[in-house]
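What follows is a short report on a single structure.
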2 protein chains.
Amino acid sequence: MSPVSPCHGDCAARVLDAALEVFCESGYRSSIDAVAARAQVARQTIYNHFGNKEALFCVALTRAVKEVFTALATDEGDYRARLFNFGMRFRQRVLAPDAINMHKLLISEASRFPELAKSLYESCFVYSRQQMAAVLRNAMDAGVLRNEDPLEAAHILMDMLVSHDHTLLVFGCTAMDPALEEQKVNRALELFLRTYAPAAPERPA
Amino acid sequence: MSPVSPCHGDCAARVLDAALEVFCESGYRSSIDAVAARAQVARQTIYNHFGNKEALFCVALTRAVKEVFTALATDEGDYRARLFNFGMRFRQRVLAPDAINMHKLLISEASRFPELAKSLYESCFVYSRQQMAAVLRNAMDAGVLRNEDPLEAAHILMDMLVSHDHTLLVFGCTAMDPALEEQKVNRALELFLRTYAPAAPERPA
DNA sequence: CGGTTAGATTGGACGGTACAGTCTAATGCG
DNA sequence: CGCATTAGACTGTACCGTCCAATCTAACCG
């Protein structure tokens, strides 16, 4: 039972973990009591640490969402390999059940927390596109890709990588088959590289 | 004031309109009283017609979502014109504020109404892709487009058409500038047609 | 080493609010 | 009269946030 055993230090962290879990499961309409129970903590402890429900929500969600989008790009291999690795990692992170739930949660509460939604969109969604755009810009400079707006290209590639499956998951329709991941990434890359192949210098009349 | 004036017939319709408005504004957590006030109807009238809140929500949302995706394709003009018209109409419908709100609403409540979410995904999202795929299949058969899976091609084109702006709107970041619509559709078509240009029959060695 | 203190934590009670859904009596219309 | 509608009272529930007295821990001090 460990009947009372105060936690002395890790309480806040436990609360944040529990809050993320509970909010992801049942949305913002989860009760503070549910979070407290999940964290095995008294309700009052939550108020001591975070003040109120809104603050708890913002802190928990911000911390979690940012983790999804860090360090997606790598420097190893040729451009094709870099894009493949990025694609695999991106799908893995963004299509994970937790990430899907966070995405739904953020959309649900975008009107209640407009600044939070905007800020997380900027610092995560946009940020991940910029990471990809940097890779693509290099490839364009190297002549491997057609020289166009790299940020636009990043949007297109990343949509090709996840968009359809992401929609499926958000609407709760299917789970992904992990055996098909490489195949899907390669197909997306094939289409993308076809779109952004360097313009043929001259065409045989 | 029209102090009491029972509605005799159009009550149900008024309630459905009001319900859609209110739910889109404040989500499922809107109160029945708010719907009743918007419809200028007694709360009891709503219960007489729809039984409970869940049923009201499902009926109102289903009716509204289906309207967004009907009759997107046209038969006039060449393939390029058809795709352009489809693209313009698609953007207009899917990026409209009401449609964005419904999208957010459906995602928010996907876990509370799994069958509703799945069914609306099927009958609307998938359906619109199939409309587009039919057009693309014709173009492929006619040799105007590279002969590949037309449904996959439809997903890609429709992502190119709206994906980025849709995300922006869902997260409440910006409004669209209507002056740029044609330009955006043409850019999406340009990229798509580049991807799906018929394969060059042979390449100069 | 034992006693004290400050701070974190707990459990529970409590007030206030909001809402779903029911019930009833009254109203107006065909 | 019969029917749809209305206004409002009412019940039950859920939850936020506060308050408080009691408990535990660790650090500090004589």
Side-chain angles (χ1 to χ4, degrees), chain A residues 1-61 105 108-109 111-114 116, chain B residues 1-62 105 108-109 111-116:
Chain A
M1 277 292 189
S2 70
V4 190
S5 82
C7 37
H8 283 285
D10 59 337
C11 262
R14 285 226 313 275
V15 168
L16 278 182
D17 292 342
L20 185 70
E21 282 181 33
V22 172
F23 283 137
C24 279
E25 284 169 20
S26 316
Y28 187 72
R29 64 195 179 91
S30 312
S31 71
I32 291 280
D33 282 330
V35 176
R38 183 76 59 103
Q40 290 180 293
V41 146
R43 176 177 48 249
Q44 185 60 47
T45 303
I46 297 183
Y47 284 100
N48 288 342
H49 282 289
F50 300 97
N52 60 32
K53 195 180 174 181
E54 292 193 3
L56 173 64
F57 180 82
C58 290
V59 174
L61 200 57
L105 187 53
S108 309
E109 305 305 334
S111 33
R112 197 196 301 252
F113 300 98
L116 179 71
Chain B
M1 275 293 191
S2 70
V4 190
S5 83
C7 39
H8 284 286
D10 59 336
C11 263
R14 284 227 312 275
V15 169
L16 279 182
D17 291 342
L20 184 70
E21 280 182 34
V22 172
F23 283 137
C24 278
E25 284 169 19
S26 317
Y28 187 73
R29 66 195 179 91
S30 312
S31 71
I32 292 281
D33 282 331
V35 177
R38 183 78 56 106
Q40 288 180 294
V41 145
R43 175 177 50 249
Q44 185 60 47
T45 303
I46 298 183
Y47 284 102
N48 289 341
H49 281 289
F50 300 98
N52 61 32
K53 194 180 174 182
E54 293 193 2
L56 174 64
F57 180 82
C58 290
V59 174
L61 200 56
T62 300
L105 187 53
S108 308
E109 304 305 334
S111 34
R112 197 197 301 251
F113 301 98
E115 302 91 18
L116 179 70

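So you know, we letter chains A, B, ... as the sequences are listed, proteins then strands, and number each from 1. Values reported hereafter were calculated over all heavy atoms of this structure, with side chains retained and with hydrogens, waters and symmetry mates removed.
- Remark: A:Gln44 CD is packed, more than 12 non-hydrogen atoms of other residues, nucleotides or ligands lying under 6.0 Å away.
- Using a 4.0 Å cut-off, some side-chain N or O of B:His49 falls inside it from OP1 or OP2 of D:dT5.
- Side-chain contact check for A:Val15 versus A:Phe50: some heavy-atom pair is nearer than 4.5 Å.
- Taking atom CZ on B:Arg29 and atom C1' on D:dA14, their separation rounds to 16 Å, with Å as the unit.
- The nucleotide whose nearest atom lies closest to any side-chain atom of A:Lys53 is, among C:dG21, D:dT6, D:dC16, D:dC16.
- In this structure, B:Asn52 atom CG and C:dG21 atom P are separated by 5 Å, rounded to whole Å.
- Here A:Gln40 lies in heavy-atom contact (under 4.0 Å) with sugar-phosphate atoms only.
- Among the nucleotides D:dT18, C:dT10, D:dT6, the one closest to the side chain of A:Ala42 is C:dT10.
- At the phosphate of D:dT6, OP1 or OP2 sits under 4.0 Å from a side-chain N or O atom of B:Thr45.
- Atom CZ of A:Arg14 is separated from atom P of C:dA8 by 16 Å (rounded to the nearest Å).
- If you measure from atom CD of B:Gln44 to atom P of C:dG21, you get 12 Å, rounded to the nearest angstrom.
- Note: CG (B:Asn48) to P (D:dT6) measures 9 Å, nearest angstrom.
- Out of D:dT6, C:dG12, C:dG21, the shortest distance to the side chain of A:Arg43 is found at C:dG12.
- Between B:Val35 and B:Ala18, the shortest heavy-atom contact is O-CB, 3.8 Å.
- Separating the OH atom of B:Tyr47 from the P atom of C:dC19 is a distance of 12 Å, rounded to the nearest angstrom.
- In this structure, the side chains of B:Arg29 and A:Arg29 stay at 4.5 Å or more apart for every pair of heavy atoms.
- Taking atom CG of B:Asp33 as the reference point, atom C1' of C:dG21 lies 11 Å away to the nearest angstrom.
- Using bins of under 30°, 30° to 60° and over 60° for the plane-to-plane angle, the ring pair B:Tyr28/B:Phe57 lands in the perpendicular bin.
- Straight-line distance from the CZ atom of B:Phe57 to the P atom of C:dA20: 13 Å, rounded to whole Å.
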